[in-house]
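Data block below; observations after.
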2 protein chains.
Amino acid sequence: MKVSQSTLFLFLVLLVTNSSAQTWIWFPGDYENWLGNQMNNRRTERGVSIPVQWKLDGHEPLMIFTKTVELDEPEEIEVSAEGEYIVTIGWRIKYQGIKNSVTKVTVPAGKNEIKIKVINYATVPALFVKGKTINSDESWMTSPLDSRYLSKNMKHPDSPSGYYMNAGSGKLNDPNTPPSKFKLPTKPMEYVETKEMEGGTLFDFGKETFGFVKFHKLSGTGKLTLQYGETAEEALDAEHCETFDIIDIPSEKSDFTMPRSNALRYIFVAAENAEYDDVSLLYEYAPVEYRASFKCNDEELNKIWEVGRYTLQLTTREVFIDGIKRDRWAWSGDAYQSYLMNYYMFFDLETTKRTMYTLRGGDPVMVHLNNILDYSFYWFMGIYDYYLYTGDVAFLKQIYPKMESLMDFVLDRRNERGLVEGLDGDWVYIDWFDHEVDITGEVSFEQIVFCKSLETMAMCSEILGIDSESKKYTALAKDVRSKLSDFWDEEKQAFVFNRKDGVNSNQITKHANMFAIFYDYVSSEQKEEIKESVILNPEIPAISTPYMRFYELEAMCSLNEQEYVLSEIKDYWGGMLQLGATSFWEKYNPEHEGLEHYAMYGRPFGKSLCHAWGASPVYLLGKYFVGIKPTKPGYEEFEIRPVLGGLEWFESSIPTPNGDIKVYADKKNIKVKATEGVGTLIFKSSKQPEATIGDVEKIAENEYRIKIKGNAQEITIKYKAL
Amino acid sequence: MKVSQSTLFLFLVLLVTNSSAQTWIWFPGDYENWLGNQMNNRRTERGVSIPVQWKLDGHEPLMIFTKTVELDEPEEIEVSAEGEYIVTIGWRIKYQGIKNSVTKVTVPAGKNEIKIKVINYATVPALFVKGKTINSDESWMTSPLDSRYLSKNMKHPDSPSGYYMNAGSGKLNDPNTPPSKFKLPTKPMEYVETKEMEGGTLFDFGKETFGFVKFHKLSGTGKLTLQYGETAEEALDAEHCETFDIIDIPSEKSDFTMPRSNALRYIFVAAENAEYDDVSLLYEYAPVEYRASFKCNDEELNKIWEVGRYTLQLTTREVFIDGIKRDRWAWSGDAYQSYLMNYYMFFDLETTKRTMYTLRGGDPVMVHLNNILDYSFYWFMGIYDYYLYTGDVAFLKQIYPKMESLMDFVLDRRNERGLVEGLDGDWVYIDWFDHEVDITGEVSFEQIVFCKSLETMAMCSEILGIDSESKKYTALAKDVRSKLSDFWDEEKQAFVFNRKDGVNSNQITKHANMFAIFYDYVSSEQKEEIKESVILNPEIPAISTPYMRFYELEAMCSLNEQEYVLSEIKDYWGGMLQLGATSFWEKYNPEHEGLEHYAMYGRPFGKSLCHAWGASPVYLLGKYFVGIKPTKPGYEEFEIRPVLGGLEWFESSIPTPNGDIKVYADKKNIKVKATEGVGTLIFKSSKQPEATIGDVEKIAENEYRIKIKGNAQEITIKYKAL
């Protein structure tokens, strides 16, 4: 067998990785949920902590880790755990462990079950085992139940049990840093400008950022007041700045770092009986890799892509949050967009999984995710995409029991027609509307995302081989899908907003209509009709949040309207840049002036100026201009449909699970290189194209196709853009 | 209106109680479950911690306490909480609280909702509020959900929600001692004898006891080994004593108290490079009131009653446990007997409620209580009795959602005939059997306790006015009850043990048969038949545990066989006393000799010598000799059926919720005095009796009845015992 150097290298890397495979393990979801909520609950608002406004689920306080080993000779292992623990081998051998200390345990030769029980209420029971052959990893089983009393099939005969699962882990490989001590890394950052003001000093860090403020050589006996601002105006407004801190000076003259990290570009510091030499910041960040790149002839667009990346970087923390100043919370609808952008940027799966677990919490399900009906559905849809982009079946297996119980909750609350409605206690959100909307009854948008969620359940149960479930969900999805046509208004060529007592309302908004387009729930003809009668129709209320503009532009892209989308991007996101934005905002209204831009919720600085959903261009450019998407799970197969959309040229690299796809396109040349999977490049050309490798196939008038092998060979195509 | 002095006094007491009513509050069940499991998990076995072997459920980490108040003028309140907290009044006023510190909050005049969110993972979120009119008590509402997103009827339209409930509390009224710091009280205790031995000193505390060993003026740099023993032999046996501690000497010369309390009568202390002046014990005890009394002419029986009381006192801790050396755990079957004994001894309801909450844990239910099928049913039956003895509807309302979800779990696991069977993962226990028993299929005993559990659900749902549920459970109970006759073997005059594939087995044990008697599930004729064909039939396997002897003797009592029962008590429990028992044992076999008495589970000192289920005489004497039981909830009505059963005389006082019933009986006189409720005294006499107050009514040949008013007046009856 002849292997290439790079394959050999990869092989060696895998080998090394495997032989030092011990990592902290826990009950899947419990740690992720705990960690995500530690972050959620660090939100403050004008000096007061604001815990999440939805149900906070705890973890299993007693966890049983088991592993059956067969040894030729006795092996000494080192056990560490977060929590009080006891190690049992077989029935008789017992070791007592002390919290956070290492216990040496000798596992006898022969076949033995190692059982380690860990109790921890405050933080999540976690385990680290290091031996010659025995190491903690996801091959260990975890359960809150003792195996003697555990039915492995507690729920359905053919379904994975949510109470006996392979351990969860998250690349925490240092035995001395247990999971509860995990912190995002920091690095020092200096301000770029400072200004003495009445009563204090204003520091400008030059751009939107996030971190721990540090005072150098702080002394005195008084106190410090810190007013944080995303703008200078906010930092200087004691009455209205959204976040501030007041601290008593620690007695000794020394460096002092604030205990909590904050969003800021500016800080105004007022010192009372206090002195300090200098101020700096410990920039706190998620250590994601910048795996994607994008460059084109349009410098404004390049800047938009970069600021989009920075916005996504800042809002990527322990989990994906909405905005770094506010709410600093994981919201399912916002996170769904972060997942999608992440696939075209960092391809960071740990944060994605942590966010999904945090949002979902535990059982029993008593309320929708974040209390919002639609947000339960975005969670399912996020898993659909996760599987499509990653092909990670192990995660599906772990999360499936939680999918089941959430879907059971949803199904229990359907109306007689089998459709969902907002019930007492549900928040039916969809979007912030600037006009009055009657949101009761059967809302078409909710049925669409419900249908997609049922399709997700059907897909996952089929992949996991749970036949009865896959049949059930396929039938349910089909049923809901067939009822979508009830909402179609033939005259208006649109899905109406809602339906009550069997009668369609007159309300129409863009939401259901645009989702129907890119979910392919309507025919090509209907799509074109919707484009004219809804999306481009000025009589239909305009969408005013970047949140839903994400989908509006996605719908237009999927209708091949890249030129329109490009001009919208330059207009809207370019507009923010022209106002000096260094990250993208929660909302932007070009008609506002001055301080109006920063107000929201009736508060002068209520608006978040670094909001994940503001970064959508990075997704739209990657998916619909560079044109890359998986067509089989984990990019086993993929499609590249480069579209210039008005640009002269672009050059981009998009990450795949274990590789990249690089695309260059101008009006005459397309260059493509992929390092895994099998792709199909589809493009339009007014002349017969020529490829350096492979056969170009004509598939329609002026449209061509060529297979791309993921072998890292660059293919160049000469063509002529239409 | 003329009121008696005692009524006036009671009125004043209530007034005073109400005006200083602030107490620590929490989500009902969460703290009880947490506290009970703190105790459960303090069990050790030969130096190693043994956590519970069932699922340990955590608490809600975020709790929202709300109270709507209407004030004429602003009121300042003092808020303390266990956990980080935030106080919100209306939408705008927010206060940040620091864990364990007092925050002063001004509630404005007018109508306002006070909302306090408390986060605590390590211990249970709890709240203490002190004001002029605003105080924390059970009128506050608790929910893990924000009221904005809370449907108050999440489960059934007519059922109390398990997620929006009146706060729980437990007489913890000191703002400076938050619930997690609650400790049972201790008092100093001296040993009665000491003996220098090779390698150390043996201390004898004179009787079975429990507490923290204290070393006076401990010094040195070495270590101490403590071997605990319920017998001297155990304390001296380094290899087999069930519990021991090895501690390094703290460096300073000072008094040192062991961190963990232990069961012991003896301690053997071996000191290595260590010196101490003396040893004593801090006896740790539940501060229960000794509300019952019993005295009779038989000194052995008096001693049995007293040792029974002491056994119950020792096993009454934060919750009712099985035994103080082992398992030191709350087991539902054992606790059920403690509840019953407690009603005839301490009438301590806090411990009863705490135990029920600890056993039940949280939701979702994944396994039976303690993993045991029958133990789920004892839990329901415990609530049946609780309501009968106390009339406490507020508790029923709080616990009902947990009853519902456990019963849903049970109902989901029935077979096609609607009966229960042990499924994969279930432990079908019933009793320790000395002979081989096939415990598969439909087991008659389990159907009987299942039926009683369904009757409990029917009763509670009716009391709470949940009509649909009460109808459902009444029908289910009726159905199971009608199927009990399937197990009846006409030829053998007995319920067979089990039934498989529609065929009754040949196995017969006493268990189902004796429960059918005192649950009145069979006719009077059948009861007599069962007595002869099963209970007194030497061919039916004898019962060997005091656990099931409890019910065997109860069945005999309910068949008016007090004389038989008295002789059994004197024989069996008297037998333990003759062997020097100072508390009653887990198991006793009169045929054993010497050290054989202490062995169990293959371990020389494995047997618990202080086991709650060993104390049953205190229940049997109170209920079937003194003859007192409530006939309407909370002793609103009650019955007294004094039976000498071979005694010359007895004198007893039995507690009722807010009073006592005192009974004296000899062969010629019965004296009765009750302080609440309305009673009926029923007794047998061979002559027409005479009463000092009231009319004696003849109800059968030689049987009479007289009404007793709970007015604290003593009634004396002259009669002639049969």
Side-chain angles (χ1 to χ4, degrees), chain A residues 34 37-38 41 44-63 84-88 94-97 117-123 143-146 148-155 161-163 362-364 366-368 370-372 405 423-427, chain B residues 34 37-38 41 44-63 84-88 94-97 117-124 143-146 148-154 161-163 362-364 366-368 370-372 405 423-427:
Chain A
W34 178 88
N37 278 306
Q38 294 296 308
N41 291 326
T44 64
E45 203 179 280
R46 296 204 49 78
V48 176
S49 286
I50 309 289
V52 290
Q53 64 185 217
W54 44 86
K55 186 167 182 299
L56 184 63
D57 291 322
H59 52 270
E60 295 291 346
L62 168 61
M63 189 46 50
E84 312 253 350
Y85 67 99
I86 164 177
V87 184
T88 316
K94 291 192 178 77
Y95 293 83
Q96 175 80 62
K117 297 190 181 188
V118 185
I119 295 188
N120 196 341
Y121 281 88
T123 67
S143 177
L145 303 171
D146 193 292
R148 271 183 290 169
Y149 306 107
L150 176 73
S151 162
K152 290 182 187 61
N153 302 307
M154 298 187 100
K155 207 160 174 202
S161 156
Y163 279 79
D363 285 310
M366 297 300 294
V367 277
H368 284 291
N370 310 117
N371 302 316
I372 301 176
S405 46
L423 301 187
D424 185 21
D426 293 349
W427 177 7
Chain B
W34 177 88
N37 279 307
Q38 294 295 310
N41 291 327
T44 64
E45 204 179 279
R46 295 203 51 76
V48 176
S49 287
I50 310 289
V52 290
Q53 64 186 217
W54 44 85
K55 186 170 182 297
L56 184 64
D57 291 321
H59 52 270
E60 296 291 346
L62 168 61
M63 189 46 50
E84 312 254 350
Y85 66 100
I86 164 175
V87 183
T88 315
K94 291 192 177 77
Y95 292 82
Q96 175 78 63
K117 297 191 181 188
V118 185
I119 295 188
N120 196 340
Y121 281 88
T123 68
V124 175
S143 178
L145 303 172
D146 193 291
R148 273 183 289 170
Y149 307 107
L150 176 73
S151 163
K152 290 181 187 61
N153 303 307
M154 297 188 101
S161 155
Y163 280 79
D363 284 310
M366 297 300 294
V367 276
H368 284 290
N370 310 118
N371 302 317
I372 301 176
S405 46
L423 301 188
D424 185 23
D426 294 348
W427 177 7

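By convention in this document, chain letters (A, B, ...) are assigned in the order of the sequence lines, proteins followed by strands, and residues within each chain are numbered from 1.
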Query raised in the report: For Lys117(B) and Pro51(A), which heavy atoms make the closest approach, and how far apart are they?
Result: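 Between these two residues, the closest heavy atoms are CD-CG, 3.9 Å.
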Query raised in the report: Which bit of Asn41(A) is near chain B, if near means a heavy-atom gap under 4.5 Å: side chain, backbone, both or neither?
Result: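 When you check distances to chain B, only side chain atoms of Asn41(A) fall under 4.5 Å.
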Please rank [options] by heavy-atom pairs under 4.5 Å with chain B and give me the top one.
| options | result |
| --- | --- |
| Asp363(A), Ile372(A), Asp57(A) | Asp363(A) |
| Ser49(A), Pro144(A), Gly58(A) | Ser49(A) |
| Thr88(A), Leu62(A), Val48(A) | Val48(A) |

Query raised in the report: In terms of heavy-atom pairs under 4.5 Å with chain A, which of Ile86(B), Asp146(B), Thr123(B) leads?
Result: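 Between Ile86(B), Asp146(B), Thr123(B), the count favours Ile86(B).
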Query raised in the report: For chain A, which of Asn37(B), Val52(B), Leu56(B) has the most heavy-atom pairs under 4.5 Å?
Result: Leu56(B)
Query raised in the report: Are any of the side-chain heavy atoms of Val124(B) and Met63(B) separated by less than 4.5 Å?
Result: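 They are not in contact (no side-chain heavy atoms under 4.5 Å apart), so the answer is no.
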Query raised in the report: For Asp426(B), what residues pass the side-chain contact (heavy atoms from CB on, under 4.5 Å) criterion, not counting sequence neighbours?
Result: His368(B), Arg413(B), Leu423(B)
Query raised in the report: For Glu45(B), what residues pass the side-chain contact (heavy atoms from CB on, under 4.5 Å) criterion, not counting sequence neighbours?
Result: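 Listed in chain order: Lys94(A), Arg43(B), Ile50(B), Glu242(B), Arg603(B).
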Query - Interchain contact, Lys55(B) with chain A, by part (heavy-atom threshold 4.5 Å) - result: both
Query raised in the report: Quick one: what part of Gln53(B) sits under 4.5 Å from any heavy atom of chain A, side chain, backbone, both or neither?
Result: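 Looking at Gln53(B), backbone and side chain both touch chain A.
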**Report entry** N/O donor-acceptor pair under 3.5 Å between Glu84(A) side chain and Asn120(A) backbone
**Finding:**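 Not a single qualifying donor-acceptor pair exists.
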Requested in this report: Quick one: sort the Tyr121(A) and Trp34(B) rings into parallel, tilted or perpendicular, breaks at 30° and 60°.
Outcome: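 It falls in the perpendicular class, over 60°.
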